[in-house]
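Heads up: the structure comes next, in structure tokens.
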Amino acid sequence: MRGSYSSSSSSSFFSEFVSSALRTKPLGKSSDALRSTSSDCLVRRLGPFDLILLGIGASIGAGIFVVTGTVARDAGPGVTISFLLAGASCVLNALCYAELASRFPAVVGGAYLYSYTAFNELTAFLVFTQMMLDYHIGAASIARSLASYVINIFELIPSIKDNIPNWVGHGSDDIFGFFSINLLAPILLVILTLILCRGVGESTLVNTIMTITKVIIVLVVILVGAFEVDDSNWSPFAPNGFKSMLTGATVAFFAYVGFDAVANSAEESKKPQRDLPIGIIGSLLVCVVLYVGVCLVITGMVPYNLLGEDAPLAEAFKSKGLNFVSVLISIGAIAGLTTTLLVGLYVQSRLYLGLGRDGLLPAVFAKVHPTRHTPIHSQIWVGIVAFILAGLLNVTVLSHILSVGSLAGYSVVAACVMTLRWDDSRDSKRMEGITCITVIACCGFVAGILYRYGVSTLAYMFLILPIAIAIFAAAGLQFRQVYRDPPGFSCPWVPIVPAVCIFFNIFLFAQLHYEAWVRFVVLSIVAVFVYAFYGQYHANPTSDDTIYYHRAPEAVAE
């Protein structure tokens, strides 16, 4: 009897788990109402200019002064092509984000919300956990870098130079291989968390000032450096061949990541259906121009093989006797890191807010301050996690497992664009489409592995097979599915653009350190257990507290 009861109980738990996991978030069809009377709503204060600056602030950090040089050491002057290829890939991803941001203009959630509606509850929770770990580790890493730059500025004062212990800002020596004490990084996180808790107006002002400052500095760097360019340094343009440029593009891709921050500001946008696509695509295009300009200048000023490793751009200007530009670069790096960290903390709190509303996390995360109109509990929690990681751990070790969540999330967003356009009258067609999407993703991973580990011409020839299969699957999506026109902004050339996004994102996924793959699998297993024993029992995708709709109001009070 006991065995029979146990078997029945297990079967009941499994069937309930499957039923819950496959739930979807209903998509409203006609309501134009805002939750403007609710104490838990956010305030719509962000216009298109604010959103563009938000996207730039999230993407342009110290990387523009460092990553451009480090990639150039391998790709040579061809680093310009690397950043153009990475920028083109990100533009395709941004088009997918722009369509969904226009289609879901009412609420926060980003990739999590899109996958909740297009696929199911468990997929949405997995997307959240993978992307959130990236955000947490990234915030800690940026906070440590910012602390180090601030200390470097203080060390310009002769009286205190060499008198500041490493544990204050640069980080102490490793303890047990992964602990490293840093005092200043957590203090900076507390300051930025307090700014975000005060309200979106205050945080937007700080982001605007800092972002404009760093953009002006980058433009000055490009203009001054242009007069020091020796075009003979651009020859040979690709000293290590095309493969080095493509490998450089996989690194450069992550320098553009940040446009999803705009999508997560949907509930605070004045006219989200119009302004979100402008913010996403506009900020990305500005970033492409700035990155390409810096690449051309840095490789034209100094032979690529002589570029420094830690601060290549600053060292290039020092070699020309332009020390004042090096100081500007340090200031720009601090401004860049500050805005990137500020926007990162902002996005994390909005994601926690979305899951708190849906019941997948405790309701405390859904609370919004009645006067500040900020998700203060979520913001404080995000600050605490970053505080601990930045203050105690060697984030260089953790950086090996970064970016896997972002690539996976972007791939799911591209898939959401297709699935939400399908005519759902036939379930068999839907399953066929999902199968084709899965095949494209698998082909992208196989192609990435073959490219990464291929050591001969014959090995590279095998790349043709997964690419051909992916093209065949994309043809199936094109000719076997019926696509409806979406409201608002429309991503062009669906399903080709989303299919290319998925293939290339997973191709990049295969280039990551193997530790990132292990992290992806382990975190997914942990997330499934958390969902099984908490999320499935508390989730409420049809909650009356939140209104989801296609269209935003034509006008929102300024």
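Annotation: side chain of F489 is in contact with side chain of I281 (closest heavy-atom distance under 4.5 Å). Within the 4.5 Å cutoff, the side chain of L477 has heavy atoms near those of the I437 side chain.
Surrounding CZ of R198 are at most 12 heavy atoms belonging to other residues, nucleotides or ligands under 6.0 Å away. Heavy atoms of other residues, nucleotides or ligands lying less than 6.0 angstrom from OH of Y537 number more than 12.
Remark: the backbone N or O of V262 is paired with a side-chain donor or acceptor of S265 at under 3.5 angstrom. Under the 3.5 Å distance criterion, the side-chain polar atoms of Q511 are matched with a main-chain donor or acceptor of G448. R144 places a side-chain N or O within 3.5 Å of a backbone atom of L393 that can act as its donor or acceptor partner. Although no hydrogens or angles enter the test, the distance criterion places a donor-acceptor pair under 3.5 Å between the side chain of Y256 and the main chain of F83. Under the 3.5 Å distance criterion, the side-chain polar atoms of R103 are matched with a main-chain donor or acceptor of L420. A donor-acceptor distance shorter than 3.5 angstrom exists from the side chain of Q379 to the backbone of L345, with no hydrogens or angles considered. A donor-acceptor pair under 3.5 Å is absent between the side-chain atoms of S82 and the main chain of V71, judged by distance alone. W422 contributes no side-chain N or O that, together with a main-chain N or O of K429, makes up a donor-acceptor pair within less than 3.5 Å. Under the 3.5 Å distance criterion, the side-chain polar atoms of N505 are matched with a main-chain donor or acceptor of C501. Distance alone, capped at 3.5 Å, places no donor-acceptor pair between the S102 side chain and the A98 backbone.
Taking the six-membered ring wherever Trp is involved, the centroid distance between the rings of F259 and Y410 falls below 6.0 Å. Note: F125 and Y112 fail the aromatic proximity criterion, with ring centroids not under 6.0 Å apart.
Look at E268 and R45 and you find no salt bridge, because none of the NZ, NE, NH1 or NH2 atoms lies under 4.0 Å from a carboxylate O. Taking 4.0 Å as the cut-off between side-chain N and carboxylate O, E121 and K25 do not count as a salt-bridged pair. Remark: D134 engages R519 in a salt bridge, criterion side-chain N to carboxylate O under 4.0 Å.
Nearest heavy-atom pair across H377 and V364 is CB-O, 3.4 Å. Taking both residues in full, the closest heavy atoms of F253 and S89 are given as CE1-OG, 3.5 Å, listed atom of the first, atom of the second, then distance.
Under 3.5 Å, the side chains of N540 and D358 contain no donor-acceptor pair of N or O atoms.
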Full working for ring pair (Phe, Tyr, Trp, His ring centres under 6.0 Å) between F119 and Y114: CA-CA 8 Å; F119 293 107; Y114 309 152; over 10 Å; no
side-chain contact (heavy atoms from CB on, under 4.5 Å) assessment of L100 paired with C416: CA-CA 8 Å; L100 296 180; C416 289; 3.8 Å; yes
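Between F365 and W381, the two ring planes are perpendicular [angle over 60°; tilted spans 30° to 60°].
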